[in-house]
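Reading through the structure tokens given below for one structure.
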Protein chains: 2
Amino acid sequence: MNSNNVTIYDVAREAGVSMATVSRVVNGNPNVKPTTRKKVQDAIDRLGYRPNAVARGLASKKTTTVGVIVPDISNIFFADLARGIEDVATMYKYNIILGNSDSNRDKEIHLLNTLLGKQVDGIIFMGGRLHEDLVNEFKKSPVPIVLAATLNQGYDLPAVNIDYEQAAYDATEMLIGHGHKQVGFITGPLEQQINGEKKFSGYRRALDDAGLPFRESDVVLGNYTYASGLEAMQKMLERDDCPKAIFAGTDEMALGVIHAIQDAGFSVPNDFEVVGHDNTRLATMIRPKLTTVVQPMYDIGAVAMRLLTKILNAEEIEEKNVVLPHRIERRDSVRQD
Amino acid sequence: MNSNNVTIYDVAREAGVSMATVSRVVNGNPNVKPTTRKKVQDAIDRLGYRPNAVARGLASKKTTTVGVIVPDISNIFFADLARGIEDVATMYKYNIILGNSDSNRDKEIHLLNTLLGKQVDGIIFMGGRLHEDLVNEFKKSPVPIVLAATLNQGYDLPAVNIDYEQAAYDATEMLIGHGHKQVGFITGPLEQQINGEKKFSGYRRALDDAGLPFRESDVVLGNYTYASGLEAMQKMLERDDCPKAIFAGTDEMALGVIHAIQDAGFSVPNDFEVVGHDNTRLATMIRPKLTTVVQPMYDIGAVAMRLLTKILNAEEIEEKNVVLPHRIERRDSVRQD
DNA sequence: CACGCTATATAAAACGTTTCCAATTGGAAA
DNA sequence: TTTCCAATTGGAAACGTTTTATATAGCGTG
């Protein structure tokens with residue numbers, strides 16, 4: 001009845017074969033005579049046998065489980081990524097142990113060690129910044145680690161990203177193309193390389209290429225949230241030389257920006273143009289609908305997990321550092337050309 | 001160097017004790033002389049020993065891992081819940097294996113069996129509807145299962161929820177209190193008991209108590225998404241007898257409703273009043289800010305996990321069926337009294 | 001009809017812990 | 001000193017698989 005506690009041994013006895021044979025049929029090993037296979041299968045069904053994955057893991061040294069470290073699963077961005085990971089994990093018969101790090105170095109390291117202790121077959125890591133200590137732990141890892149939406153800061157780790165620099169360039173360039181001589185940039189903490197180096201330098205490069213001056217005051221730091229976007233824009237609006245075009249580092253901040261503008265009595269896109277980043281579901285949940293850089297979160301997760309399975313199966317890998325394409329989804333927060 | 005493949009046996013040899021003793025110090029068993037403990041600890045540090053959780057799980061029959069089944073982690077609602085679960089899980093030294101079911105019965109059952117095969121110590125389940133087949137599997141489960149934000153449809157399972165019926169009543173009553181003789185109700189699929197029975201009956205009860213007639217046409221079904229809320233409201237607006245007060249079953253649908261109203265040239269809250277449900281972050285990311293029923297998702301997750309730990313530790317449990325308080329967060333999508 | 005294969009099946013040794021029980025040790029009491 | 005009991009430690013058997021090496025059966029061949 002209780003499918004619990006019936007072991008491979010019980011099945012073997014029931015079927016009148018050895019446990020090795022049962023193991024073979026359970027694992028689909030072809031070296032079993034069809035009649036024997038059937039006999040065993042019947043016994044399995046009759047007893048309601050369910051293989052113990054823990055014992056299996058101990059004997060085979062494979063757990064068909066991978067660890068996933070995210071800063072915060074309640075963030076829509078990582079939730080989407082996680083879904084991509086889980087979907088292809090399921091496809092390849094893996095399960096996911098999920099942990100939140102809050103981008104905190106100690107939690108990251110602790111989580112990593114817990115995961116390794118649990119003998120995961122591999123790990124997918126997301127985080128704003130790769131602390132040196134963490135990378136040292138990575139290097140000691142007996143299992144492969146792949147980065148998702150996380151820059152490989154000069155370390156030789158497999159990673160899946162988009163070209164953030166170019167994406168920021170494209171967004172800024174589009175705004176400049178609409179005649180703006182000044183573009184505001186509201187982004188996340190600069191110590192996270194993705195903001196501080198990639199997006200920022202894409203922004204600057206677009207300015208430079210257009211022969212526009214860079215003004216320190218046109219870049220304002222937020223913390224990715226709606227509230228921080230709102231506040232950043234409010235501050236900007238107080239200035240006499242406030243830019244009329246804004247590139248926000250996340251959609252959520254972009255929504256804050258738009259509302260700040262509207263609250264001040266201006267119109268988007270007539271008075272101000274705004275472009276966001278990520279193309280989360282939020283982008284269409286605002287009026288005007290948000291023009292945004294699409295970063296395919298789900299795909300990044302899916303591709304990262306697929307890459308991990310390739311590594312685990314020792315398949316041929318053409319490129320360890322995959323860069324997915326990005327594009328700009330034009331909606332109503334910018335004027336039509 | 002490679003902290004891998006050093007076993008308890010290696011540590012025992014290095015420290016000149018038996019593996020039983022090493023096991024004791026690793027597990028914090030007090031029956032070890034301080035000097036011995038130190039000796040062992042040094043050996044552990046020197047060798048970089050990390051206990052193998054799989055072996056440990058096999059020997060002790062405890063994995064300190066719990067399974068979490070959600071319909072879709074990329075849904076902000078479940079993501080929040082999951083975060084609550086994970087946080088208290090971490091607090092109690094558990095890890096989380098996360099799986100998405102898409103509320104699909106077969107996936108739910110398959111996931112459940114996979115999780116049991118992995119010998120999780122317990123399971124937290126979220127889903128719209130408890131299929132009978134699933135419940136039968138639940139009954140056979142050798143480990144405890146607790147429901148989170150999921151109605152315990154007459155089955156005797158531990159569960160954590162809010163009082164959906166009363167919440168819907170409160171929301172509807174508030175709207176009626178503002179003078180409306182007609183209240184629209186835009187909700188999710190009625191076959192999910194939470195909508196079909198609880199919220200719906202709360203809505204009706206409020207109508208009844210106010211002596212207002214119930215009109216079939218005032219309730220429209222959506223699928224929880226922004227788009228479905230938008231569409232439902234658009235349809236409603238075409239009618240001559242369109243209600244001027246709307247209670248939406250989720251915040252996301254409520255946003256759609258507000259935009260549909262605004263797109264039609266009306267004002268919220270002057271022409272129409274809207275209240276949502278859940279109090280997700282979305283509620284403040286719209287103008288006017290959304291008045292909504294607060295369902296504490298994070299807390300539900302946290303409490304569910306805490307309840308599970310109590311069951312696992314065989315602690316005293318005052319109430320298996322916990323009902324968390326709800327309230328209405330008044331913002332700007334309804335008029336002030 | 002014995003021989004040598006191949007295809008199957010078995011036995012037993014890992015895998016790395018925990019845990020029960022027995023053995024040893026250390027001190028305090030006698 | 002002995003004696004005893006409590007504190008500490010050690011030995012070895014589980015835990016439920018996979019896997020390797022070995023055995024057995026069946027069968028076509030010469």
Side-chain angles (χ1 to χ4, degrees), chain A residues 2-41 43-44 47-65 114 116-121 142-143, chain B residues 2-41 43-44 47-65 114 116-121 142-143:
Chain A
N2 197 329
S3 54
N4 197 31
N5 73 13
V6 11
T7 75
I8 199 174
Y9 189 74
D10 299 322
V11 176
R13 180 150 26 82
E14 175 83 9
V17 300
S18 76
M19 53 193 283
T21 300
V22 177
S23 175
R24 280 191 209 93
V25 351
V26 167
N27 292 293
N29 183 314
N31 292 344
V32 181
K33 195 161 39 167
T35 64
T36 313
R37 181 182 302 281
K38 168 126 182 37
K39 210 167 47 176
V40 172
Q41 192 58 56
I44 287 176
L47 266 36
Y49 168 70
R50 174 195 298 134
N52 179 325
V54 171
R56 193 185 278 213
L58 183 59
S60 68
K61 297 177 161 293
K62 302 241 158 297
T63 54
T64 60
T65 302
T114 305
L116 293 177
K118 295 233 167 168
Q119 314 298 119
V120 295
D121 293 339
V143 301
Chain B
N2 196 332
S3 56
N4 196 32
N5 74 13
V6 11
T7 75
I8 200 174
Y9 189 73
D10 298 323
V11 175
R13 180 151 23 84
E14 176 83 9
V17 299
S18 75
M19 53 193 287
T21 301
V22 177
S23 175
R24 283 191 202 95
V25 350
V26 168
N27 292 293
N29 183 314
N31 292 345
V32 181
K33 195 162 41 165
T35 64
T36 314
R37 181 181 302 281
K38 169 126 181 36
K39 209 166 50 177
V40 172
Q41 192 58 56
I44 288 176
L47 265 35
Y49 168 69
R50 174 195 298 135
N52 179 325
V54 171
R56 196 186 276 214
L58 183 59
S60 68
K61 298 177 160 293
K62 301 242 158 298
T63 55
T64 61
T65 302
T114 305
L116 293 177
K118 295 233 166 167
Q119 314 298 118
V120 294
D121 294 338
V143 301

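Not measured: the values here are computed from a predicted model. Letters A, B, ... are given to chains in the order of the sequence lines, protein chains preceding strands, and every chain is numbered from 1.
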By side chain to side chain contact (heavy atoms under 4.5 Å, CB included), B/K38 pairs with (sequence neighbours left out) B/D42
Readout for nucleotides 10-25 of chain D: B = base within 4.0 Å of protein heavy atom, S = sugar-phosphate only, - = neither; 5' to 3' it is BB---BBBBB------
Between its two end axes (five pairs each) the helix from C/dC1-D/dG30 to C/dA30-D/dT1 turns, nearest 10 degrees, through 50°
From CG of A/N29 across to C1' of C/dA7 the rounded distance in Å is 12 Å
Here the distance between atom P of C/dA7 and atom CZ of A/R37, to the nearest Å, is 15 Å
Just so I know, are the side chains of A/V54 and B/T63 near enough to count as touching, which here means a heavy-atom distance under 4.5 Å? yes
Across all chains, not counting sequence neighbours, the side chain to side chain donor-acceptor pair (under 3.5 Å) partners of B/T64 are A/K118
Contacts satisfying side chain to side chain donor-acceptor pair (under 3.5 Å) that involve residues 25-36 of chain B (not counting sequence neighbours) are B/S23-B/N27
Residues at least two apart in sequence or cross-chain that pass side chain to side chain contact (heavy atoms under 4.5 Å, CB included) with B/A59, listed by chain then number, are none
Separation of D/dT9 atom C1' from B/K39 atom NZ, nearest Å, is 10 Å
When rounded to whole Å, the CZ to C1' distance for the pair A/R13 and C/dT10 reads 16 Å
The side chain to side chain contact (heavy atoms under 4.5 Å, CB included) partners of B/K62 (sequence neighbours excluded) come to B/S60, B/D121
Residue pairs meeting salt bridge (charged side-chain N to carboxylate O under 4.0 Å, His left out), one or both in residues 15-26 of chain B, sequence neighbours left out, come to none
B/K62 NZ to C/dT18 C1', in whole Å, measures 12 Å
The side chain to side chain contact (heavy atoms under 4.5 Å, CB included) partners of A/A15 (sequence neighbours excluded) come to A/V17, A/V40, A/A43
